[in-house]
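Start at 1 with the first residue, then count along the sequence. In this text, all values refer to a predicted model and were calculated from it rather than measured experimentally.
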Amino acid sequence: TDANGCKNTATTNVYVRQLPKVTTTGNTAICINDSAYIGANGAVSYSWSPANGIKDVKEKVMYVNPTATTNYAVTGTDEYGCKAKKTLKVTVYPLPVVSITKDTNICFGKTINMSATGGDKYYWLPAEGLNKSNVSNPKANPTVNTTYTVTVIDSNTCVNTASVKVFVNPLPVAKAGDDATICQGGKTQFVGGGGYSYKWAPVATLDNANIMNPFASPTVNTVYRVSV
């Protein structure tokens with residue numbers, strides 16, 4: 001109605017737009033220190049939060065490096081300015097905690113039982129000198145100083161490694177002395193060497209089988225052996 005009392009009508013339309021159907025995609029679980037690929041679809045523009053670890057919060061797809069399990073929320077906006085939000089949870093698993101045999105010294109020719117714990121699968125390198133390289137507790141018989149590294153994989157497929165050093169000591173050079181000839185009822189003294197402790201055999205005709213230079217009084221031809 002105007003000032004003169006005249007009347008007329010007019011109409012206007014209000015259009016109700018559906019919200020964009022925003023969907024998310026990407027890795028839902030990673031191991032710590034890895035990157036997760038995440039992305040969104042269904043809108044024209046996007047905005048992600050939280051911003052930590054995100055290079056550009058307005059990217060449609062991206063790689064993120066969360067250090068803990070994180071819920072990423074993305075708000076999608078369509079061409080009409082309508083907005084919808086979607087959340088994507090990225091679970092971050094810790095690396096397996098690997099326990100391994102301590103560094104060890106062995107004598108040449110000896111075997112050591114090694115052991116590792118903390119996962120479901122085990123892979124040892126180098127494989128040379130091992131009875132098995134894909135078990136948690138292999139036996140090692142290295143001929144030289146060797147560093148063994150085990151790769152451990154847990155149930156979440158997260159990977160960690162640990163190493164053990166095995167030092168191989170050379171065998172002592174055992175000395176028993178020269179062959180000797182004695183008369184019946186006589187004796188001879190051995191001149192041993194090469195070690196810190198000694199064990200002679202056979203012991204029956206020796207005055208002391210546990211010293212470096214024992215006396216022997218055999219009644220028949222005898223071969224004596226010394227372990228040092």
Side-chain angles (χ1 to χ4, degrees), residues 10-103 114-138 140 146-165:
T11 62
T12 184
N13 295 321
V14 176
Y15 298 99
V16 178
R17 301 291 182 183
Q18 295 291 322
L19 298 180
K21 295 182 179 180
V22 178
T23 59
T24 57
T25 185
N27 302 115
T28 57
I30 60 170
C31 301
I32 193 166
N33 301 326
D34 288 343
S35 297
Y37 173 84
I38 61 175
N41 291 291
V44 175
S45 62
Y46 304 89
S47 178
W48 293 84
S49 65
N52 293 341
I54 296 180
K55 185 176 181 180
D56 186 351
V57 297
K58 296 188 179 301
E59 290 287 344
K60 179 179 180 179
V61 295
M62 68 192 72
Y63 285 96
V64 294
N65 301 90
T67 57
T69 297
T70 303
N71 289 312
Y72 288 97
V74 59
T75 300
T77 305
D78 66 13
E79 63 269 30
Y80 302 106
C82 297
K83 300 177 183 293
K85 181 181 288 188
K86 193 76 174 179
T87 300
L88 176 66
K89 181 179 181 180
V90 177
T91 300
V92 180
Y93 294 116
L95 299 183
V97 178
V98 181
S99 296
I100 194 172
T101 304
K102 294 181 179 180
D103 293 349
M114 300 194 299
S115 176
T117 60
D120 297 321
K121 296 180 181 179
Y122 301 85
Y123 301 96
W124 296 81
L125 288 174
E128 290 77 14
L130 300 179
N131 66 328
K132 294 180 180 179
S133 62
N134 60 347
V135 295
S136 64
N137 55 344
T146 304
T147 298
Y148 290 100
T149 299
V150 60
T151 298
V152 179
I153 305 175
D154 65 14
S155 58
N156 298 314
T157 68
C158 295
V159 179
N160 206 353
T161 62
S163 297
V164 56
K165 295 180 180 179

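- Taking the ring pair (Phe, Tyr, Trp, His ring centres under 6.0 Å) definition, one finds that Y63 meets it with Y37, sequence neighbours left out.
- Within the model, atoms OH of Y93 and OG1 of T69 stand 7.5 Å from one another, a figure rounded to the nearest 0.5 Å.
- At a threshold of 4.5 Å between non-hydrogen side-chain atoms, the residues I30 and V90 count as touching.
- With hydrogens and angles ignored, the 3.5 Å screen pairs a side-chain donor or acceptor of D56 with a backbone N or O of K58.
- Shown here for A162 and V98, the closest heavy-atom pair between the two residues is CB-CG1, 3.7 Å.
- Summarising the geometry of P20 relative to G76, their closest heavy-atom pair is CG-O, 3.7 Å, with the distance given to 0.1 Å.
- Residue V22 comes nearest to V74 through the heavy atom pair CG1-CG1, 4.2 Å, listed as atom of the first residue, atom of the second, then distance.
- Distance check, rounded to the nearest 0.5 Å: OG of S136 to CD1 of I100 gives 11.0 Å.
- V64 meets the side chain to side chain contact (heavy atoms under 4.5 Å, CB included) test with A36, I38, I54, M62, P66, Y72; sequence neighbours excluded.
- What you find for T146 and P126 is that their closest heavy atoms are CG2-CG, 3.9 Å.
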Using atom types as modelled, flag every donor-acceptor pair under 3.5 Å from a side chain in residues 77-89 to any protein atom, sequence neighbours excluded.
{"unit_1": "T77", "atom_1": "OG1", "unit_2": "K83", "atom_2": "NZ", "d": "3.1"}
{"unit_1": "D78", "atom_1": "OD1", "unit_2": "Y80", "atom_2": "N", "d": "2.9"}
{"unit_1": "D78", "atom_1": "OD1", "unit_2": "G81", "atom_2": "N", "d": "3.1"}
{"unit_1": "D78", "atom_1": "OD1", "unit_2": "C82", "atom_2": "N", "d": "2.9"}

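- Here the closest non-hydrogen pair linking K102 and V164 is O-CG2, 3.4 Å.
- Distance check: L95 CG to I153 CD1 gives 12.0 Å after rounding to the nearest 0.5 Å.
- Between the OG1 atom of T117 and the CG atom of N137 there is a distance of 11.0 Å, given to the nearest 0.5 Å.
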Considering only distance and modelled atom types, tabulate donor-acceptor pairs under 3.5 Å from the side chains of residues 41-51, sequence neighbours left out.
{"unit_1": "N41", "atom_1": "OD1", "unit_2": "K60", "atom_2": "NZ", "d": "3.3"}
{"unit_1": "Y46", "atom_1": "OH", "unit_2": "G42", "atom_2": "N", "d": "3.3"}
{"unit_1": "Y46", "atom_1": "OH", "unit_2": "A43", "atom_2": "N", "d": "2.9"}
{"unit_1": "Y46", "atom_1": "OH", "unit_2": "A43", "atom_2": "O", "d": "2.9"}
{"unit_1": "W48", "atom_1": "NE1", "unit_2": "E59", "atom_2": "O", "d": "2.8"}

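- For the side chain to side chain donor-acceptor pair (under 3.5 Å) condition, the pairs that include at least one residue of residues 153-165, sequence neighbours left out, are T149-S163.
- Contact detail for G118 and V152: the closest heavy-atom pair is C-CG1, 3.9 Å.
- Under the 3.5 Å distance criterion, with hydrogens and angles disregarded, a donor-acceptor pair is assigned to the side chains of N65 and S35.
- Note on residues 118-134: no pairs pass side chain to side chain donor-acceptor pair (under 3.5 Å), not counting sequence neighbours.
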